[in-house]
Amino acid sequence: MVYMKEKKSILKRNVSDGVLDAAEKAQVTHYHVTGDEIYNDKIENVLDQMGFSDVHECYQAIQHELFDLNCIPFHGPKSGTEEFTFIDLFAGIGGFRMALQNNNGRCVFSSEYDKYAQKTYFANYGEVPFGDITLEKTKEFIPKKFDILCGGFPCQPFSIAGVSKKNSLGRSHGFDDVKQGNLFFHIAEILSTHRPKAFFLENVKNLVSHDKGNTFKVIKQTILDLGYSFDSRVIDGSYYVPQHRERTFMIGFDKQRYGEDVHFDFDGISLPESKPKVGAILQGEVDSKYTLSDKLWQYLQDYAKKHKEKGNGFGFGTITPDSTTRTLSARYYKDGSEILVPQYGINPRRLTPAECAALQGYPIYPINCDDPNHSFKITVSDNQAYKQFGNSVVMPLIQVIGKQLKHTLITYEQSRSIKEVI
């Protein structure tokens, strides 16, 4: 036991000295979780340089290096028990992963560029995502075969706020944005190379109308030219969480495998008649640090007054227990202005990170989850947590769409099997 502690101590020290890099941590954790041989290449070299002879020992040491947690709350189905496999691109904190695991899907590859999101992802799913998906050395680890490609590819180049900001700075946006706008084409490349049975993508509502609809036309035509069907729908997450959050969802199937007539029926998704209210996710007692300072509160009031006098709608947004919030953004950490909780006798407060998790539909104890061992883990600073939840998807909505996608995929596979027998 003492020897193992010494080995883990050596690993932690070597990691901090840069001996074990992010890609190697991703390789070890992916191999430990999936057992896929694609992650086994050169893994002996990784173990040797760290002084370990066993992947499990190395995995445990990596876990203790990142944070002292022994419980990973959201393991997916074991290999051979899943109903489909998927890869998680632009994974963020795993909204797609959790939703599809809840539909008995098994994740076989994940990729996320942000190091803080990688830490949150590992804490909850036991796997460090690979980094930059634009690099060939990252793509080489994608398994040859998987069923569904998932991804909420970065939306800033196509968002209303992103376009306005870039225009004001004289910068390009959409597909002309070299750094982010071309990420869709890496999705297209992976679809072309691996030919998964289906894809499931998410982006901002404004994707449909950006550049007078030309951006969306290029995305759709690119996918159609690859031999996939293409169906889309803008859906508001407020059916499942107390937040107004409209997003564009895109789903398609491999027509080379299933024929020309395949499509995804968004009308087959049954949306709830009643919508949840924000009071259900608010905590009774929160730390005073979430209460706005007098200076910030006065600034927000003055700012709102100035724009109201100009006839603009800019300003802060307060909520009531029976209301639906505005869209939670990645900038929420700056002032919390879009969603403020009134407090009796004192300034309003921000939502806590735990409340933001619940607002996006993640199970988090004790707000919407009774089991602390099955609660979403927040292992980063408040500012990073706000960014991560603001950039995330509405997990329960992804889960409901994913359920319909799984049903459709199974139906097409059964039909294909019958045709092969005939």
Side-chain angles (χ1 to χ4, degrees), residues 33-39 76-91 96-111 133 139 141-153 184-203 219-233 235 248-271 397-422:
V33 171
T34 69
D36 197 306
E37 286 301 313
I38 195 170
Y39 305 120
K78 293 182 179 179
S79 178
T81 66
E82 77 279 0
E83 294 181 80
F84 61 93
T85 58
F86 65 95
I87 66 171
D88 193 10
L89 304 182
F90 313 104
F96 268 95
R97 180 165 187 152
M98 183 181 293
L100 295 187
Q101 284 185 173
N102 289 345
N103 281 302
N104 202 33
R106 184 168 67 89
C107 184
V108 294
F109 175 86
S110 59
S111 171
I133 195 60
K139 293 175 184 173
F141 284 104
I142 301 176
K144 184 176 181 180
K145 295 293 183 182
F146 55 90
D147 295 324
I148 304 173
L149 180 153
C150 299
F153 56 101
F184 164 74
F185 292 108
H186 290 277
I187 292 176
E189 178 191 342
I190 294 169
L191 285 174
S192 177
T193 301
H194 293 267
R195 302 301 305 184
K197 298 172 184 176
F199 66 84
F200 182 7
L201 304 177
E202 181 262 7
N203 209 292
I219 289 176
K220 181 176 180 179
Q221 192 59 52
T222 300
I223 288 177
L224 291 175
D225 289 345
L226 289 173
Y228 281 84
S229 63
F230 185 92
D231 291 283
S232 65
R233 180 72 57 88
I235 305 177
T248 302
F249 298 95
M250 297 155 277
I251 290 177
F253 299 92
D254 183 3
K255 293 194 288 186
Q256 294 179 9
R257 184 178 182 87
Y258 301 116
E260 290 292 325
D261 296 331
V262 293
H263 75 284
F264 182 76
D265 183 14
F266 277 98
D267 290 331
I269 301 170
S270 179
L271 299 175
L397 177 55
I398 298 292
Q399 183 172 317
V400 169
I401 298 174
K403 182 178 180 180
Q404 179 72 4
L405 171 56
K406 180 184 78 169
H407 173 75
T408 305
L409 187 63
I410 290 174
T411 300
Y412 283 144
E413 279 292 301
Q414 290 174 341
S415 177
R416 183 172 180 269
S417 298
I418 292 173
K419 290 179 181 178
E420 288 180 345
V421 171
I422 295 176

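For the numbers below, each heavy atom of this structure counts, side chains included, while hydrogens, waters and symmetry mates do not.
Taking NZ of Lys144 as the reference point, atom CZ of Arg195 lies at 14.0 Å (rounded to 0.5 Å). For the atom pair Asp254 CG and Phe199 CZ, the distance stands at 10.5 Å (nearest 0.5 Å). Rounded to the nearest 0.5 angstrom, Phe253 CZ and Ile251 CD1 are separated by 6.5 Å. Put simply, CZ on Phe249 and CG on Asn203 are 10.0 Å apart, with the number rounded to the nearest 0.5 Å. Within the model, atoms CD1 of Ile87 and CZ of Arg97 stand 12.0 Å from one another, a figure rounded to the nearest 0.5 Å. Atom CZ of Arg257 sits about 4.5 Å away from atom NZ of Lys197, to the nearest 0.5 Å.
Ion pair Arg233/Asp267 flagged as a salt bridge, since at least one NZ, NE, NH1 or NH2 atom sits closer than 4.0 Å to an Asp/Glu carboxylate oxygen. Comment: Lys139 engages Glu189 in a salt bridge, judged by a side-chain N to carboxylate O separation of less than 4.0 angstrom.
You'll find the side chain of Tyr39 reaches within 4.5 Å of the side chain of Pro143, heavy atoms only. Here the side chains of Leu89 and Phe96 are not in contact, with every heavy-atom distance at 4.5 Å or above. Between Phe264 and Gln404 the shortest side-chain heavy-atom distance falls below 4.5 Å. Residues His263 and Asp261 form no side-chain contact, since every pair of their non-hydrogen atoms from C-beta on lies 4.5 Å or further apart. A heavy-atom distance below 4.5 Å is found between the side chains of Leu191 and Pro196. Contact annotation: the side chain of Ile219 approaches that of Phe153 to within less than 4.5 Å [non-hydrogen atoms, C-beta and beyond]. Within the 4.5 Å cutoff, the side chain of Glu83 has no heavy atoms near those of the Asn103 side chain. Looking at heavy atoms from C-beta onward, Phe84 lies out of side-chain contact with Asn104 at the 4.5 angstrom threshold.
The environment of Lys220 atom NZ is sparse: at most 12 non-hydrogen atoms of other residues, nucleotides or ligands sit within 6.0 angstrom.
Under a 3.5 Å cut-off, the side chain of Thr85 and the backbone N or O of Asp147 do form a donor-acceptor pair. Side-chain atoms of Thr81 come within 3.5 Å of backbone atoms of Lys78 as a donor-acceptor pair (strictly under, hydrogens ignored). Using a distance-only test at 3.5 Å, with no hydrogens or angles considered, a donor-acceptor pair links the side chain of Thr411 to the main chain of His407.
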Margin query: What verdict does the side chain to side chain contact (heavy atoms under 4.5 Å, CB included) test give for Leu149 and Leu201, after you've listed the backbone C-alpha separation in whole Å, the side-chain angles of each residue and the deciding distance to 0.1 Å?
Written below: CA-CA 8 Å; Leu149 180 153; Leu201 304 177; 3.8 Å; yes

Next item on the list: Would you please test Ile187 and Ile133 for side chain to side chain contact (heavy atoms under 4.5 Å, CB included) and show each step?
Entry: CA-CA 9 Å; Ile187 292 176; Ile133 195 60; over 6 Å; no

Next item on the list: Starting from the C-alpha separation in whole Å, work towards a yes-or-no answer on side chain to side chain contact (heavy atoms under 4.5 Å, CB included) for Ile142 and His194.
Entry: CA-CA 9 Å; Ile142 301 176; His194 293 267; 3.6 Å; yes

Check: Should Phe146 and Phe109 be marked as a ring-ring contact (aromatic ring centres under 6.0 Å, His included) after you check the CA-CA gap, both sets of side-chain angles, and the distance that decides it?
Finding: CA-CA 9 Å; Phe146 55 90; Phe109 175 86; 8.5 Å; no

Check: After noting the C-alpha distance and the side-chain angles of Thr408 and Val262, does the key distance pass the side chain to side chain contact (heavy atoms under 4.5 Å, CB included) rule?
Finding: CA-CA 10 Å; Thr408 305; Val262 293; over 6 Å; no

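For the residue pair Ile398 and Ala99, the shortest heavy atom distance occurs at CG2-CB, 3.4 Å. When all heavy atoms of Pro77 and Gly105 are compared, the pair lying nearest together is CD-O, 3.2 Å. When all heavy atoms of Leu100 and Cys150 are compared, the pair lying nearest together is CD1-SG, 3.1 Å.
Between Tyr228 and Phe230, the distance from one ring center to the other does not fall under 6.0 angstrom.
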